[in-house]
Structures are given as C-alpha cells and as structure tokens.
**Q** 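Just dropping this structure here.
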2 protein chains.
Amino acid sequence: MSGKTTIYDIAKKLNITAATVSRALNNNSKISEATRKLVMETAAQMNYKQNKLALALKSGKSNNIGVIVPRLDSNFFATVIRGIEEELYPHGFHVIICQTRDDKNLEIENIDALLNAQVDGILMSISNVSIEQNESFKRILKKNVPLIFFDRKANINGVSTVTINDFHGAYEATKHLINQGCKRIAHLSNNRLIEIFRDRYLGYKQAILDSGLEFDESIVIETISKVEEGRKITKILLNMDNPPDAIFSSSDFTALGAIQEIKAQGLKIPQDICVAGFANEPFTKFMELSITSVDQSPLEMGKMTAKVFLEQVRNNDTIKIEKKVILKPKLLIRKSSSKNSNE
Amino acid sequence: MSGKTTIYDIAKKLNITAATVSRALNNNSKISEATRKLVMETAAQMNYKQNKLALALKSGKSNNIGVIVPRLDSNFFATVIRGIEEELYPHGFHVIICQTRDDKNLEIENIDALLNAQVDGILMSISNVSIEQNESFKRILKKNVPLIFFDRKANINGVSTVTINDFHGAYEATKHLINQGCKRIAHLSNNRLIEIFRDRYLGYKQAILDSGLEFDESIVIETISKVEEGRKITKILLNMDNPPDAIFSSSDFTALGAIQEIKAQGLKIPQDICVAGFANEPFTKFMELSITSVDQSPLEMGKMTAKVFLEQVRNNDTIKIEKKVILKPKLLIRKSSSKNSNE
DNA sequence: CTGTTAGCGCTTTCAG
DNA sequence: CTGAAAGCGCTAACAG
C-alpha cells in the first residue's frame with residue numbers, strides 16, 4: 001500500500017520463491033515463459049519497483065558518479081555538467097554534484113563523502129588551491145574508483161584527462177592580435193600553478209616570440225577572474241609610460257573589465273586597443289561590441305569526459321588505460337579585435 | 001588493502017563483535033570508554049570508512065536528494081542548484097541532478113529513476129510540457145517522498161513551493177515603463193499554461209489597466225525564450241500600423257533580440273522605445289546598453305527550497321505541512337528603459 | 001526450471 | 001557494558 005512492494009511480497013502472492021521472482025524480473029537464466037509472464041504481470045499490478053539501493057549494496061555498484069567542480073553557476077561548468085549528464089543518463093548513471101568553491105578542505109571532504117557513498121567514478125576539475133593535495137586523489141585510485149580530470153587537471157599517473165589545448169588557443173588568439181597590427185600585447189593571467197592558466201600564458205608568450213616581437217614580462221599580470229579586477233589592472237596598464245596596444249586575457253570577465261576601463265579613458269576599441277578573452281562566455285557574443293574569445297566546447301568536453309569514464313568502466317577488469325583527450329579550441333574573432341572587415 | 005575495511009575486520013582484530021564496533025563508532029549507547037577509544041584508534045589505523053550504501057539500505061534513507069530542472073546550462077537554474085547544494089551539504093545530503101530538456105517522457109523517467117534510487121526528496125522545476133502529468137507527482141507523494149517545486153510549479157495538494165512573485169515583478173516592470181511615459185507597451189510572453197508566464201502576463205495586464213491605458217491583446221505575443229525569436233517578433237511589432245513604444249519581455253533573451261531588431265531599424269533605445277526583460281541574466285548587466293530586468297534571486301530561491309525540504313524532513317512523523325514561500329522580485333532599472341537620469 | 005542458502009555492510013533489538 | 005541474531009532487498013551459487 002505504501003509503495004513498498006518487494007520481491008518477497010510478489011513471491012508470497014504467487015507461492016514461489018523470491019529468487020524465482022528475481023530471475024523472472026531480470027530475464028536472466030532459464031525460466032519458464034509461464035512463470036515469467038505471471039511474475040511480470042503481478043509485479044506490474046502490485047506496482048513493484050526495484051530498490052536500487054539493495055542492488056547497489058549487493059553488487060558494490062551504486063550507479064552514481066560524482067562530479068566535483070569549483071562552482072556551479074558558471075556557464076562553463078554548468079555546460080560541462082550538462083554534457084556529462086546527457087551522456088551518462090542513457091547508461092543508467094546518476095550524477096551527484098559537489099562544489100569546492102576553491103576551498104581545499106571542501107574538496108577533500110567532497111571526495112571522501114563521494115567515496116563513502118560508493119560512487120562508481122569521480123569526474124572533476126580541480127580547485128585553485130588543490131595543486132599539492134595528491135593524498136585524496138591517491139585515495140580514489142587506491143579504491144579502484146575511476147578518476148577523470150576535465151579542464152583543470154592535476155598530473156597524476158594513471159588518471160585520464162579531458163582538456164582543450166589551452167596553449168594552442170592562447171597562441172592563436174595572440175597571433176590574431178598580432179595580425180591586426182598590435183605590437184605590444186599585455187596578458188591578464190591567472191594562478192599559473194593551474195595548468196590551464198600556465199598553458200595560456202605559454203601560448204601567448206610563444207606567439208609573441210615566434211613573431212619577433214619583444215616579450216615583456218612587466219605587462220603580464222596575474223589576477224583573478226572578476227570584472228572589477230580586469231578594470232583595476234587595465235587602469236595600471238594604461239597609465240604606463242609605454243602602454244599596450246592590445247590585451248589578451250585568460251578570462252572573459254577580466255577582458256570585459258579591460259574593455260570598460262579602456263572606454264572610460266576615452267580610447268577606441270579596436271582602433272586604439274584590441275581585446276581578446278578566453279572561454280566564450282555567453283555575454284561576449286551578446287555585447288554590442290562583441291568580444292573576441294576562445295571557445296572551449298564545454299558541452300563536448302562534458303560528453304567526452306563521460307565517454308572516457310564509460311570506456312574505463314567497460315575495461316575495468318582488463319588493463320587500466322590512461323587516456324589524454326585534448327580538444328581543439330576555437331578562436332572566435334569578434335568586434336573587439338577586428339580592425340579590418342576581412343577578418 | 002584494497003580499501004575495503006569493514007566493521008567485521010576491525011572486530012576480528014580486536015576480538016570483539018561487529019555490533020560493539022558499530023556502537024563505538026557511533027558514540028551510541030553505553031560503551032566503555034576503553035573499548036571506544038580502542039575501536040576508534042584501530043578504525044583510523046585500518047583506514048576504515050563507513051559504507052553509506054549499507055547504512056542507506058538498512059535505514060531506508062539514502063541521503064541523496066534529486067533535483068530536476070529543464071536544463072542545467074542556464075544561469076538561473078545553475079544558480080538555484082548552487083543554492084540547494086550549499087544549503088544541503090552541511091546536512092550530509094548529496095544532490096543528484098536530472099535534466100528534462102522539456103521532454104515529458106524524460107521527466108517521468110527521471111522521477112521514476114530517482115524514486116528507485118530511494119532519494120530522500122525531490123526538488124523540481126516542472127518542464128514546459130508536464131502540466132497535465134500529475135501521475136508521476138502523485139507517485140512521489142504516495143511513497144512519502146517529500147516533493148517541493150521551485151519556480152515552475154504545478155498545483156498539487158500537499159506540495160510545498162518556493163517561487164517569486166512573478167505577478168508583482170511584471171507589474172513593477174510595466175509600471176516603470178509607464179512612468180517613463182510609454183503608452184503602448186507590447187509583451188513578449190511564453191507558454192501561459194506555465195504559471196510563471198501566466199503571472200507575468202497578468203501582472204503586465206493589471207499594470208496597464210491600473211494606469212488607465214488601453215490594453216491591446218494584439219501586442220501580446222507568445223513565443224519561446226530565444227534571441228532570434230525576440231528579433232522575429234519585434235520585427236512584426238515594429239511593422240504594425242500602430243507600433244509599440246515599449247516592450248516588456250518575459251525573458252531576457254527575447255528582450256535582447258528585441259533590442260537588436262530595434263537598433264537594426266535605426267530606432268533609439270530608450271528614447272524611441274523602452275525595453276525591459278525578466279530574469280536578470282548576467283549579460284543584461286554587462287551590455288553597454290544595459291537591460292532593465294527583474295531579478296529572481298535564484299541563489300536565495302535554491303537555499304530556501306532546501307530549507308523547506310529540511311524542515312519537512314524534520315517534521316516527517318508529525319503533520320505534513322504545505323508551505324508556500326513567495327520571494328520578492330527586484331526590479332533593476334538600467335539603461336534600456338531610463339529616459340531620465342533620476343531613475 | 002525452481003527452491004535453498006548465504007551474503008553485501010550496517011544497525012538494532014534482545015539477552016546476558 | 002557486550003555478544004548473538006535478525007533483517008534492510010536483492011542476487012547468485014549450488015542443489016535438486
């Protein structure tokens with residue numbers, strides 16, 4: 001009555017045993033067509049629903065996978081998770097989400113909680129501060145729980161990763177600025193202990209060197225991904241004796257801040273200064289002065305991460321495969337850096 | 001060794017019984033300080049972790065709650081979920097997320113899957129098409145699983161809801177447009193079988209009637225929340241014999257489309273036409289021509305939804321409380337509708 | 001083809 | 001204060 005029909009209830013009703021019911025329900029081994037049908041019917045009629053929890057305990061597989069991200073309310077992470085969910089759903093996996101808010105302790109707590117909850121895998125983007133905390137990651141691997149990093153990864157043996165080629169994205173964006181005639185390109189960077197930010201920095205640097213321009217470390221500034229920070233830094237840059245004629249930002253938010261400050265100072269974009277960001281946040285496209293940015297295909301990244309996980313689960317008993325998927329970034333050239341119309 | 005220490009392992013090691021270990025670990029009934037300490041120590045030393053799955057099966061509580069939304073990659077839903085997660089985390093609940101993609105069958109499947117997974121509650125925003133499918137909702141209630149709607153609700157007896165006052169938000173926004181001197185205000189609506197869109201429409205209508213303006217149903221157009229749709233509809237509106245001098249949109253995306261079309265036709269905003277949207281999507285603030293919108297406090301909504309759930313869980317054995325929380329929307333007046341600077 | 005039995009890991013009476 | 005035993009709901013040998 002209270003929605004709690006078990007296989008015992010239906011076994012009793014039919015004067016058979018629970019094992020038989022279980023078999024009938026699972027189309028498993030040999031079972032008479034008659035009883036199977038009978039079981040199926042009464043199961044439906046009694047409104048029987050399998051208790052996945054019992055199955056999980058028995059099998060050791062919860063059919064839940066944990067996803068850990070710094071935060072949820074960012075278009076990038078939300079879209080990656082969407083991809084993960086859509087890819088995993090048809091396989092019967094549920095997605096449990098956790099946020100670290102870039103807090104190392106929360107990250108550790110979340111990992112432990114997920115392991116205790118017996119998740120079948122953990123897909124994560126590490127937090128800003130977790131670089132040196134390999135302990136928890138090791139614990140995951142020790143338990144034989146598949147671990148896959150996406151976007152922000154740590155370098156750990158035996159762990160598959162799905163990333164974009166941040167170096168290449170940054171290289172392309174910087175090259176594009178150079179092609180626009182810019183000669184002194186500043187870079188708004190971020191914590192370079194995180195690989196993605198280091199790679200963007202390195203790509204930027206390489207593009208400058210490859211083009212025979214002077215590389216000047218003094219116009220590379222490390223900050224955090226906030227509009228106000230972008231404004232603040234840009235103000236400093238513009239007040240230099242030798243101000244930049246372009247800004248390549250590792251974040252769309254700081255790029256927006258840069259644009260605001262540049263305009264506030266009465267300079268023209270892209271005529272006086274070109275600006276390019278990174279991440280292709282929705283607003284970059286919507287602005288009247290649309291912002292050039294590098295798309296990271298978050299949906300594809302999410303789906304790919306899920307696929308790598310599924311593959312790993314499938315090959316569980318055989319050899320452990322360490323897969324490194326690197327997606328190709330897409331440079332989206334928009335008004336904030338288009339001096340001529342032929343681009 | 002393989003990270004699978006159970007209470008039996010530690011019991012065996014200490015020559016006591018599993019029950020004692022369990023009691024010691026849970027600080028439960030009377031147990032000698034000596035053995036408790038001993039158990040605690042060897043547990044730590046053997047790296048014991050409680051298997052929540054076993055606990056869940058035993059207790060019937062999974063400590064997971066399901067959250068169902070139309071989609072994840074929308075700032076609004078992502079932020080609500082962030083709020084839910086942050087509020088529930090300290091209480092040991094995990095959040096399982098599901099997307100319906102406004103597909104009725106997916107919605108039903110998700111509900112069933114969550115119930116089978118024995119979630120301790122379901123928090124959801126109904127899909128565009130689920131208005132008449134009360135069956136699944138009933139099934140949730142029948143199983144005594146707390147069900148709470150946020151934002152997009154269905155009207156079902158005994159179900160708590162957390163919403164904003166959409167009527168009021170729309171009323172205020174429309175009033176504001178009227179205060180700007182607009183006399184013929186069009187409305188970009190959406191499926192009005194969904195309460196939030198119906199309420200926004202009604203609030204809009206009431207504001208017009210209260211102000212003694214003429215209400216004209218022919219400039220109320222139902223569409224879907226996409227930029228291109230906003231453009232298309234706006235084109236039609238502007239080509240009318242008697243075009244509107246303001247547009248109040250139930251979505252920021254259609255509002256953006258409207259703005260694009262208005263500009264494309266060479267008209268000035270807000271001088272010729274005022275525009276206001278709804279939802280306070282991030283881009284509305286970032287635009288150079290920032291868009292007036294109604295904030296729905298999604299973070300607060302998420303936290304409140306979680307709180308209502310927690311309350312319901314706490315009072316489980318006593319009376320079932322049906323709670324209707326209605327949050328206050330905040331009108332954010334920006335450039336797209338500010339003719340004078342004193343607003 | 002079906003019944004019996006045991007066990008996943010934990011908690012919780014009930015005895016002692 | 002601790003041990004013995006049962007059970008949450010399901011599956012999987014092992015017999016028959």
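A, B, ... follow the sequence lines: proteins, then strands. Residue 1 opens every chain. In what follows, every heavy atom counts, from backbone to side chain, and hydrogens, waters and symmetry copies are set aside.
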**Q** Tell me: NZ of A:Lys12 to C1' of C:dT2, nearest whole Å?
**A** 20 Å
**Q** Kindly point out which of D:dC8, C:dG3, C:dT11 is positioned nearest to the side chain of B:Leu57?
**A** D:dC8
**Q** Using the rule side chain to side chain contact (heavy atoms under 4.5 Å, CB included), only one of B:Glu300, B:Lys153, B:Met304 pairs with B:Val162; which is it?
**A** B:Met304
**Q** What does B:Ile16 touch in the nucleic acid at a heavy-atom separation under 4.0 angstrom: a base, only the sugar-phosphate, or nothing?
**A** sugar-phosphate
**Q** Please give, in whole Å, the distance from D:dG7 P to A:Asn51 CG?
**A** 18 Å
**Q** Looking at C:dT11, D:dT11, C:dG9, which one has an atom nearest to any side-chain atom of A:Ile7?
**A** D:dT11
**Q** Mind checking B:Leu55 for me? I need base, sugar-phosphate or nothing, with any heavy atom below 4.0 Å counting as a touch.
**A** sugar-phosphate
**Q** For A:Tyr8 and A:Thr20, take the nucleotide of DNA chain C holding the closest heavy atom to each; which residue's nucleotide lies nearer the 5' end?
**A** A:Thr20
**Q** Closer than 4.0 Å, any side-chain N/O of A:Thr6 to the OP1 or OP2 of D:dC8?
**A** no
**Q** Within less than 4.0 Å of OP1 or OP2 of C:dT11, is there a side-chain N or O belonging to B:Gln50?
**A** yes
**Q** Using the closest heavy atom to pick a nucleotide of DNA chain D for each, name whichever of B:Ser59 or B:Glu33 lands nearer the 5' end.
**A** B:Glu33
**Q** How about A:Val39 and A:Ile7: do any of their side-chain heavy atoms sit closer than 4.5 Å?
**A** no
**Q** Report yes if a side-chain nitrogen or oxygen of B:Ser22 is closer than 4.0 Å to either non-bridging phosphate oxygen (OP1 or OP2) of C:dC10; otherwise report no.
**A** no
**Q** Which nucleotide in the list C:dC10, D:dG3, D:dC10 gets nearest to the side chain of B:Arg23?
**A** D:dG3
**Q** Could you tell me whether A:Lys324 atom NZ has more than 12 heavy atoms of other residues or ligands within 6.0 Å of it?
**A** yes
**Q** Taking atom types as modelled, find out whether A:Thr17 and A:Thr20 have a side-chain donor-acceptor pair closer than 3.5 angstrom.
**A** no
**Q** Should A:Tyr48 be listed as having a side-chain N or O under 4.0 Å from OP1 or OP2 of D:dC10?
**A** yes
**Q** Tell me whether the side-chain N/O atoms of B:Asn26 come closer than 4.0 Å to OP1 or OP2 in C:dT11.
**A** yes
**Q** Quick one: pull up CD in B:Glu109 and CG in B:Asp103 and give me the separation to the nearest 0.5 Å.
**A** 8.0 Å
